[in-house]
Amino acid sequence: MNRTKIKQALTQTPVGQDITIGGWVRTVRHSKGGFSFISLNDGSCFAQIQVIADKDLPNYESDIVSLTAGCSVVVTGVLVESQGKGQRVELQAGEVRLLGAADAEKYPMQQKRHTFEYLRTQAHLRPRTNTFGAVARVRNRICSAIHEFFQQRDFLYVHTPIITASDCEGAGEMFNVTTLEAAAPPKTDDGTIDYDQDFFSRQTFLTVSGQLEVEPYCCSLGDVYTFGPTFRAENSNTPRHLAEFWMVEPEMAFCDLQGDADVAEEMLKHIFKTVLSDCDEDMAFFNQRIDKTVIETLQHIVNSDFVRLPYTEAVEILEKAGKQWEYPVGWGTDLQTEHERYLTEEHFKSPVILTDYPASIKPFYMRVNEPDADGRQTVAAMDVLVPKIGEIIGGAQREERLDVLEGRMDECDMNKDDYWWYADLRRYGTIPHAGFGLGLERCVQFCTGMANIRDVIPYPRTPRNADF
RNA sequence: UCCCCGAUAGCUCAAUUGGUAGAGCGAGCGGCUGUUAACCGCUAGGUCGUAGGUUCGAGCCCUACUCGGGGAGCCA
C-alpha cells in the first residue's frame, strides 16, 4: 500500500492528486444531503483530515453510515479544495475500506473530554487523543533535538549499562536485579542472602544514573553523553517523580563548573527553540488547552540569560525575603521546594542555576572548592531550577584529585574497593571534567505545560503502578 | 512515608438538617444540516470503592482497608 501520511496530505500534496491514507476515525458527521464527513487522524500531525464520503459509494449503507470514533479505515481518493470552513483541503473518497470496527458502546475513548486520571487507566488507547498524540510528538522532537545538540558539538553517544553493581551513590533507593528465588533465597552462614549464587555472583541493581560509567569514556574520548532509562525505587508520590524515567547525562572533558552550566543552558535553549519552531501545531494546542503561558515562557527563556547564583548568596536572598518559610533557611541545610520556587518563580522570574552547595549535603564525587572566607566547605555542584517543575537538571564538576576523592569517600563511609576503577581515572592521567543529568520527562513537562509527569511518558511506572 | 481531599450511570459531577438517587456529556433510535466542541426530540443505563458498625431508616454519621488527586520529603 502506497500510503500518504496525513501531515503530508494537508501540507504538501497538490490539489487534484490521488492518494491513499490510513487512520483512525475521530468524528463522523452524516449529512442528509447524501454524504458523510469523516475526520481521520493517523498520528503524523495534530490535525485531522476531513474525508467526504458520498452515498453512492458501494459500502455507504453497510459501513460508512455506522462508522464511529476509533474505527480504522483506509481511504483512497482525490485531494480537493474544501468547500467548508476549517480546512484548506479535504479528501473526496473514491473508496473507504473499513479495517476494524470499534463498538461505540464499549470503546473506552468517548467522543468527549476525559480526565487525565481516567486516561491513565487506558494507557493503551490514550495515544489516540489529541493531548497524548501531541505529547508523543513533542517528546520525540525533544529527544531528537538532544541528539542534534550533542552531535553538532562532537559529543560521543555512549551506552552505559542498565544493570549495575554500583551502589551508594546517594541517588536514592535501587531496584534489585536477581534470579534468586524470592521466597527462599540461598543464605550464607550468617543468615544474609548469598549473592555468590546469584546470576552475576554479586548483588546487582537497575541503574540510578549512568554517570559513574560514562566518566571513563569522558576521560578517554572527551565529550560524551548517555541517554537512557533510569530507575529509582523511592516511594515518591508526586507529579514530578517516576520510578522509571529517561535521563540525558553529558560529561565534558577539560571542563569546569562554569563550562558545565554553559552547556546546560545552551542545551535547554536549543531544545526549547526546536520545539517552538518544529512543533507549532502541537504547541498551539498546549498553549490553548493545557497552559496558556507555555509558549510565552519558552520564548522568554530562549531569549534571556539564566541567573547564576552561588548557594551562599541564595541563602542570603531567602533570609532577606521577609517570608514566613515553612522550613527555616540556613547555611548548611538543603533548599526546600518552597525556597527553590521562590527564587525561580518570584524573585528572579527566570531559570536559575544554583552553584556551590555545602559539601555536607552533596555526594562524594563532586569537586571540593576552596573553603570560603568563613571556612565553610562547598562543592562545585549546580542545580538548574525552572518555574513550576523545580529542579530540571542536577550536575557538578567532578573531583579529579585522587587524595581528595578518597577523603570524601571515607567521609561518606563508602567501601573504596568497590570504586577502584572510578579512582583509577584519577590515578592515571586525571583531568578536570564536569557533567549533569537532565530528566527527560521533566523537560517534556516544562515544554508542554502538562501538570503530571505520568502524562508525558507512555507507560508511567510509579509506586503500585506497573500496568500495561 | 507523612498531611489534606476524594471515590455515586460508560465519563464528569450533583443530591439541602440521615427519609431507599439526578443532571450534563457519551451511547441507541428518530429529525435536521457542507458539517467540523454540530443542533433538536425520545430511550436505555446505578447492589452509591470494599468490609464492618450506629440508626426504625445511611450515598450522607463512625472505624478499618483499597485506590485516586493535591501538598511535603526524596530527587531528575
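A note on names: the letters A, B, ... follow the listed sequences, proteins ahead of strands, and every chain is numbered from 1.
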- At under 4.0 Å between heavy atoms, what does Leu242(A) touch on the DNA or RNA strands: base, sugar-phosphate, or nothing? base

- For Ser36(A), report the nucleic acid contact type (base, sugar-phosphate, nothing); a contact means any heavy atom under 4.0 Å. nothing

- Task: Quick one: look up who rA76(B) pairs with, Watson-Crick or G-U, both distances under 3.5 Å, and put none if it's unpaired.
- Result: none

- Indicate, with a heavy-atom threshold strictly under 4.0 Å, whether Glu90(A) touches base, sugar-phosphate, or nothing. base

- Message: Just to be sure I understand the rule, does Tyr118(A) reach a base, reach only the sugar-phosphate, or reach nothing, if contact means heavy atoms closer than 4.0 Å?
- Response: sugar-phosphate

- CE of Met109(A) to CZ of Arg128(A), rounded to nearest 0.5 Å, is 9.0 Å

- Taking any strand in view, what nucleotide pairs with rA44(B) in a Watson-Crick or G-U wobble way, both distances under 3.5 Å? none

- Message: Quick one: does any side-chain atom of Ser39(A) pair with a main-chain N or O of Arg26(A) as donor and acceptor, under 3.5 Å?
- Response: no

- Distance below 4.0 Å between Arg120(A) side-chain N/O and rG69(B) OP1 or OP2: yes

- Query: Roughly, in whole Å, what's the span from NE2 in His114(A) to C1' in rG10(B)?
  - Reply: 8 Å

- Would you say rC74(B) has OP1 or OP2 under 4.0 Å from some side-chain N or O of Ser236(A)? no

- Message: Quick check on side-chain contact (heavy atoms from CB on, under 4.5 Å): which of Glu391(A), Arg341(A), Glu345(A) does Leu385(A) satisfy it with?
- Response: Glu391(A)

- Query: Would you say a side-chain N or O of Ser31(A) is under 4.0 Å from OP1 or OP2 of rG34(B)?
  - Reply: yes

- Sugar-phosphate, base or nothing in reach of Leu440(A), heavy atoms under 4.0 Å: nothing

- Would you check if the distance from the ring center of Phe306(A) to the ring center of Phe348(A) is below 6.0 Å? no

- Whole-Å distance, Ile38(A) CD1 to rA38(B) P, equals 15 Å

- Is Pro239(A) touching bases, backbone alone, or none of the nucleic acid, heavy atoms closer than 4.0 Å? sugar-phosphate

- Distance check: side-chain N/O of Gln110(A) vs OP1/OP2 of rA27(B), anything under 4.0 Å? no

- For Arg29(A) and Glu326(A), take the nucleotide of RNA chain B holding the closest heavy atom to each; which residue's nucleotide lies nearer the 5' end? Arg29(A)

- Distance check: side-chain N/O of Arg454(A) vs OP1/OP2 of rG69(B), anything under 4.0 Å? yes

- Between the side chain of Glu338(A) and the main-chain N/O of Glu326(A), is any donor-acceptor distance below 3.5 Å? yes

- Message: rG70(B), OP1 or OP2 - any side-chain N/O from Asn452(A) closer than 4.0 Å?
- Response: yes

- Query: For rU16(B), what is the paired nucleotide under Watson-Crick or G-U wobble rules, both distances under 3.5 Å?
  - Reply: none

- Message: Both Gln92(A) and Gln336(A) contact RNA chain B. Which one's nearest nucleotide lies toward the 5' end?
- Response: Gln92(A)

- Message: Once you apply a heavy-atom cut-off of 4.0 Å, does Gln50(A) come out as touching a base, just sugar-phosphate, or nothing?
- Response: base

- Message: Less than 4.0 angstrom between a side-chain N/O of Thr337(A) and OP1 or OP2 of rG73(B), yes or no?
- Response: yes

- Pi stacking test for Phe35(A) and rG34(B): under 5.5 Å apart, planes under 30°: no

- Query: OP1 or OP2 of rG68(B) sitting under 4.0 Å from any side-chain N/O of Arg464(A)?
  - Reply: yes

